[in-house]
Asks: 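This is the structure I want to talk about, given as structure tokens.
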Amino acid sequence: MTLTLYHHRGSTCSQKVRICLAEKRVPWQGHVVELRAFEQLEPWFLALNPQAMVPVLQIGNAVLTESLVINEYLDDAFPDPPLRPADPLARARMREWTLHVATDTSWAIKVPSFMVNIRPDLRRRYDREQIERLVARMPNRETAARWVKAVTDGYTTEQIAQSFARLDATLDRMQATLQRCRWLAGDAYTLADVDMAPFVHRLAQIGEHARIAARPAVAEWYGAVGARVAFGAAMPE
């Protein structure tokens, strides 16, 4: 069975799948989709994922397009080492975290990440007319609006503050949990930690490491995550 991952090096959701693959030591083929060149809008990629988003995992002729689902599939298909607790309650706690990452954290990080990482590069590449023409082909209008903002007026101070408030709430929740146990879902490293790791790492990358350091249990967790061989293998320098 051949696994092909369509991904982007800097995509946090791609990173969490690459971490999972590295933890599983599963061989896979990679196809980098250059998001800033809008390869995600090419017909060949839209045939894989009509939502024009990475990552996409192709398993033979089958395709999975949601990173949370991809990682659970990988844990089912390659159960050694396990990344989900055997205990039903601990597994439910793990799913609370992975769902939170998918529905809150991954969206909250986009505003500051766009401003720091993407906006300077896109403004060098495109003007407003060019970017509006390109994103007109995007199926998700919220995503399209983010790309336009990155090139034009950007986000307001209030919008950025709102995103950081959401991220701070996540860090506070992590701090409370990690004061009681070593990992997010208990005493074992699980998909909860895999899925959260790229987003905490992104905060550090965009100059917000102080938010992590202000929460000692989170800082210790981040150090332990970063020391894992799989993390180093999956994350770009």
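Every heavy atom of this structure was used, including side-chain atoms; hydrogens, water molecules and symmetry mates were not. Counting begins at 1 with the first residue of the sequence.
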Asks: With heavy-atom distances below 4.5 Å as the criterion, would you say the side chains of Met115 and Tyr155 are in contact?
Replies: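 Yes. Closest side-chain heavy atoms under 4.5 Å.
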
Asks: Hey, are His31 and Thr4 close enough side-chain-wise for a donor-acceptor pair under 3.5 Å?
Replies: no

Asks: Side-chain contact test, heavy atoms from C-beta onward, threshold under 4.5 Å: evaluate it for Arg25 versus Pro81 and give yes or no.
Replies: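 Of all side-chain heavy-atom pairs linking Pro81 with Arg25, at least one is under 4.5 Å.
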
Asks: Is the Phe114 ring parallel, tilted or perpendicular to the Trp147 ring (thresholds 30°, 60°)?
Replies: perpendicular

Asks: Without swapping roles, check the side chain of Trp183 against the backbone of Leu178 for a donor-acceptor pair under 3.5 Å.
Replies: no

Asks: Could you grab the distance from atom CD of Glu23 to atom CZ of Phe78, nearest 0.5 Å is fine?
Replies: 15.0 Å

Asks: Between the side chains of Arg202 and Ser113, is a donor N or O closer than 3.5 angstrom to an acceptor N or O?
Replies: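 On atom types as modelled, these side chains qualify, holding a pair under 3.5 Å.
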
Asks: Consider only side-chain heavy atoms of I, L, V, M, F, W and Y, link residues closer than 4.5 Å, and tell whether Leu48 and Met138 are in one cluster.
Replies: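 Yes; tracing contacts between hydrophobic side chains, which count when under 4.5 Å, links both residues.
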
Asks: Please name the residue in the list Gln175, Met196, Arg182 that meets the side chain to side chain contact (heavy atoms under 4.5 Å, CB included) test with Trp221.
Replies: Met196

Asks: Between His209 and Tyr222, what is the ring plane arrangement, given parallel below 30°, perpendicular above 60°, and tilted in between?
Replies: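 Rings of His209 and Tyr222: tilted, 30 to 60°.
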
Asks: Would the distance check show the side chain of Asp193 and the main-chain N or O of Thr190 forming a donor-acceptor pair, the cut-off being under 3.5 Å?
Replies: yes

Asks: Is it the case that atom CG in Asp187 sees more than 12 heavy atoms from other parts of the structure closer than 6.0 Å?
Replies: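 Counting neighbours around CG of Asp187, 12 or fewer heavy atoms of other residues, nucleotides or ligands fall under 6.0 Å, so no.
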
Asks: By the definition side chain to side chain contact (heavy atoms under 4.5 Å, CB included), identify the one residue from Asn71, Leu74, Leu191 that meets it with Leu83.
Replies: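 The single option meeting the side chain to side chain contact (heavy atoms under 4.5 Å, CB included) with Leu83 is Leu191.
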
Asks: So does Arg128 pair up with Asp153, basic N to acidic O under 4.0 Å?
Replies: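 No, this pair does not count.
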
Asks: Do Thr177 and Arg93 have side-chain heavy atoms sitting under 4.5 Å apart?
Replies: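 When only atoms from C-beta onward are counted, Arg93 and Thr177 do not touch, as no gap falls below 4.5 Å.
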
Asks: Would you call the rings of His201 and Phe231 parallel, tilted or perpendicular, taking 30° and 60° as the class edges?
Replies: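 If you compare the ring of His201 with that of Phe231, the planes turn out perpendicular.
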
Asks: Roughly how far, to the nearest 0.5 Å, is CD of Gln205 from CG of Asn117?
Replies: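 Nearest 0.5 Å value for the CG-CD distance: 6.5 Å.
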
Asks: Do any N or O atoms from the side chain of Glu132 and from the backbone of Glu129 form a donor-acceptor pair under 3.5 angstrom?
Replies: no

Asks: Measure from the side-chain N and O atoms of Ser163 to the backbone N and O of Ile109, and report whether any donor-acceptor pair falls under 3.5 Å.
Replies: no

Asks: Answer yes or no for Arg173 and Trp97: cation-pi contact, defined as NZ/CZ to six-membered ring centre under 6.0 Å and angle to ring axis within 45°.
Replies: yes

Asks: How long is the span from the CG atom in Leu68 to the CG atom in Leu99, to the nearest 0.5 Å?
Replies: 7.0 Å

Asks: Is a side-chain donor or acceptor of Gln159 paired with a backbone partner of Thr156 at a separation under 3.5 angstrom?
Replies: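 Yes, the answer is positive, given that a donor and an acceptor are paired below the 3.5 Å cut-off.
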
Asks: So, Glu34 and Arg9, do they make that salt bridge, N to O below 4.0 Å?
Replies: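 Answer for the salt bridge query: yes.
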
Asks: Is there a donor-acceptor contact under 3.5 Å from the side chain of Asn140 to the main chain of Gln51?
Replies: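 Side chain of Asn140 to backbone of Gln51, a donor-acceptor pair under 3.5 Å: no, none is there.
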
Asks: If you apply the rule salt bridge (Lys or Arg N to Asp or Glu O under 4.0 Å), what do you find for Arg95 with Asp195, and how did you get there?
Replies: CA-CA 10 Å; Arg95 284 201 174 108; Asp195 285 14; over 6 Å; no

Asks: Hey, does the side chain of Arg91 reach the backbone of Ala86 with a donor-acceptor pair shorter than 3.5 angstrom?
Replies: no

